[in-house]
Amino acid sequence: MNTLIDSRTEFSGRVALVTGGGSGIGRAIAVRWGAAGGTVAVLGRRGEALAETVALVEQAGGTGIALDSCDVRDHAAVTDTVDALVARTGRLDALVNNAAGNFVVPGEVLSPGGFKAVIDIVLNGTFHCTRAAATHMLAAGSGSILNVIATYAWHGHPGTVHSAAAKAGVVAMSRTLAVEWAARGVRINCIAPGPTETAGAGAALWPTDKARAHVLDSVPAARFAAPEEIAESAAFLLSRRADYVTGEVLVVDGGQWLGKSIYTDPEKDA
């Protein structure tokens, strides 16, 4: 393997599919792929937002494709959409499963419908997209899949029982398929971002100034991540630079999950 890979052109001639690509982290990953010369299809349910992402991808030097007629919960629609993309582009080198649904709610009041909705998007949707993409990747003997999760998939967090259960399932699925497909040239990894400055996360997870301050206080790095920072780590895992990495979870959270406070700070309490 040539280790002298130019990150500015490493995705030239390659095709990626990013779900939930209309905003936030998904958009940033799509733009990063395009900035390295690649073609990226973004999938979502808001056509206007996807069009904005495509415009940003093309401004960065890549080629963008908007796919706004597919729900990741519909396995048949996902398969048809992925097959059509490969027929159009001739290949599929990478998949980013970023589509998600989340809201903070105590477990005892979470409705069965609310639990199912998040499971259907995050866990089932990730499987549907992975299976559809892997059909082509396994046939080609190469491919990289990246699943966007969260650290509470293994340490838990009050108010996220639906999302934590779904993302824990994604981790187990990723590691299982990584073992099944490693010898056939297809890698699967996860990335676990910490609090990131996106409109969607802010509205759902820290909607007030007090909530925002509380979240920020939990991050040893003392700041939120920029979506572009998460995208840079994602680009590494998707690239040939990470050819020997599979079944792993890369945490990009400023030390948040490691730095949980148990004892009080005497100076702060004084």
Side-chain angles (χ1 to χ4, degrees), residues 19-29 32 44 46 49 96-123 125-126 146-171 190-234 237 248-270:
T19 71
S23 62
I25 290 172
R27 171 177 284 180
I29 293 173
R32 175 62 178 81
R46 296 186 297 128
V96 179
N97 284 305
N98 175 66
N102 198 8
F103 51 94
V104 178
V105 59
E108 70 270 21
V109 299
L110 174 64
S111 70
F115 184 86
K116 182 178 185 301
V118 173
I119 294 292
D120 279 348
I121 296 170
V122 177
L123 181 56
T126 294
L146 182 64
N147 297 323
V148 180
I149 61 159
T151 58
Y152 55 69
W154 60 87
H155 67 65
H157 189 280
T160 66
V161 63
H162 45 353
S163 181
K167 291 180 183 295
V170 171
V171 175
C190 297
I191 190 168
T196 304
E197 286 283 17
T198 66
L205 302 176
W206 50 88
T208 67
D209 289 343
K210 183 177 180 180
R212 179 183 174 87
H214 179 74
V215 172
L216 186 59
D217 191 52
S218 73
V219 183
R223 66 178 180 84
F224 288 79
E228 293 75 17
E229 290 179 286
I230 308 303
E232 199 61 42
S233 295
L237 288 174
E248 284 300 318
V249 177
L250 176 60
V251 178
V252 189
D253 75 343
Q256 185 191 39
W257 92 274
L258 297 171
K260 294 184 177 303
S261 177
I262 299 174
Y263 304 110
T264 59
D265 184 339
E267 293 185 3
K268 288 184 178 179
D269 292 344

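Computed from a predicted structure; not experimentally measured. Computation of the quantities below employed the complete heavy-atom set of this structure, encompassing side-chain atoms and omitting hydrogens, waters and symmetry-equivalent molecules.
- Contact annotation: the side chain of V105 approaches that of H162 to within less than 4.5 Å [non-hydrogen atoms, C-beta and beyond].
- Judged by distance alone, the side chain of S111 and the main-chain N or O of G114 form a donor-acceptor pair under 3.5 Å.
- Between atom CG of residue L237 and atom CG of residue L146 there is a gap of 5.5 Å, rounded to the nearest 0.5 Å.
- When all heavy atoms of N102 and S163 are compared, the pair lying nearest together is OD1-CB, 3.4 Å.
- For the pair L110 and V161, the minimum side-chain heavy-atom distance is below 4.5 Å.
- Ring planes of H157 and Y152: tilted class, angle from 30 to 60°.
- Remark: E232 engages R32 in a salt bridge, criterion side-chain N to carboxylate O under 4.0 Å.
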Evaluate the criterion side chain to side chain contact (heavy atoms under 4.5 Å, CB included) for residue pair T151 and D253; output intermediate values, then yes/no. CA-CA 9 Å; T151 58; D253 75 343; 4.0 Å; yes
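- Residues R212 and E197 are paired through a salt bridge, judged by an N-O separation under 4.0 Å between the basic side chain and the carboxylate.
- Residue I119 holds its CD1 atom at 10.5 Å from NZ of K167, rounded to the nearest 0.5 Å.
- The shortest side-chain heavy-atom distance between P220 and L258 does not fall under the 4.5 Å cut-off.
- Residues V219 and F224 have side chains not in contact (no heavy-atom distance under 4.5 Å, counting atoms from C-beta outward).
- Summarising the geometry of I191 relative to S233, their closest heavy-atom pair is CD1-CB, 3.8 Å, with the distance given to 0.1 Å.
- Across every non-hydrogen atom of V122 and A100, the tightest pair is CG2-CA, 3.9 Å.
- A donor-acceptor contact shorter than 3.5 Å is absent between the side chain of R27 and the backbone of P227.
- Between A49 and G22, the shortest heavy-atom contact is CB-O, 3.5 Å.
- Note that CD1 of I149 is 10.0 Å distant from CG of L250, once rounded to the nearest 0.5 Å.
- Rounded to the nearest 0.5 Å, atoms NE2 (H214) and CG (D209) are 14.5 Å apart.
- For T198 against G24, the heavy-atom pair with the smallest separation is CG2-CA, 3.7 Å.
- To the nearest 0.5 Å, atoms CG (N97) and CD1 (I121) are separated by 13.0 Å.
- The heavy-atom pair separating A226 from T196 by the smallest distance is C-CG2, 4.0 Å.
- In terms of modelled atom types and a separation under 3.5 Å, the side chain of N98 and the main chain of G20 share a donor-acceptor contact.
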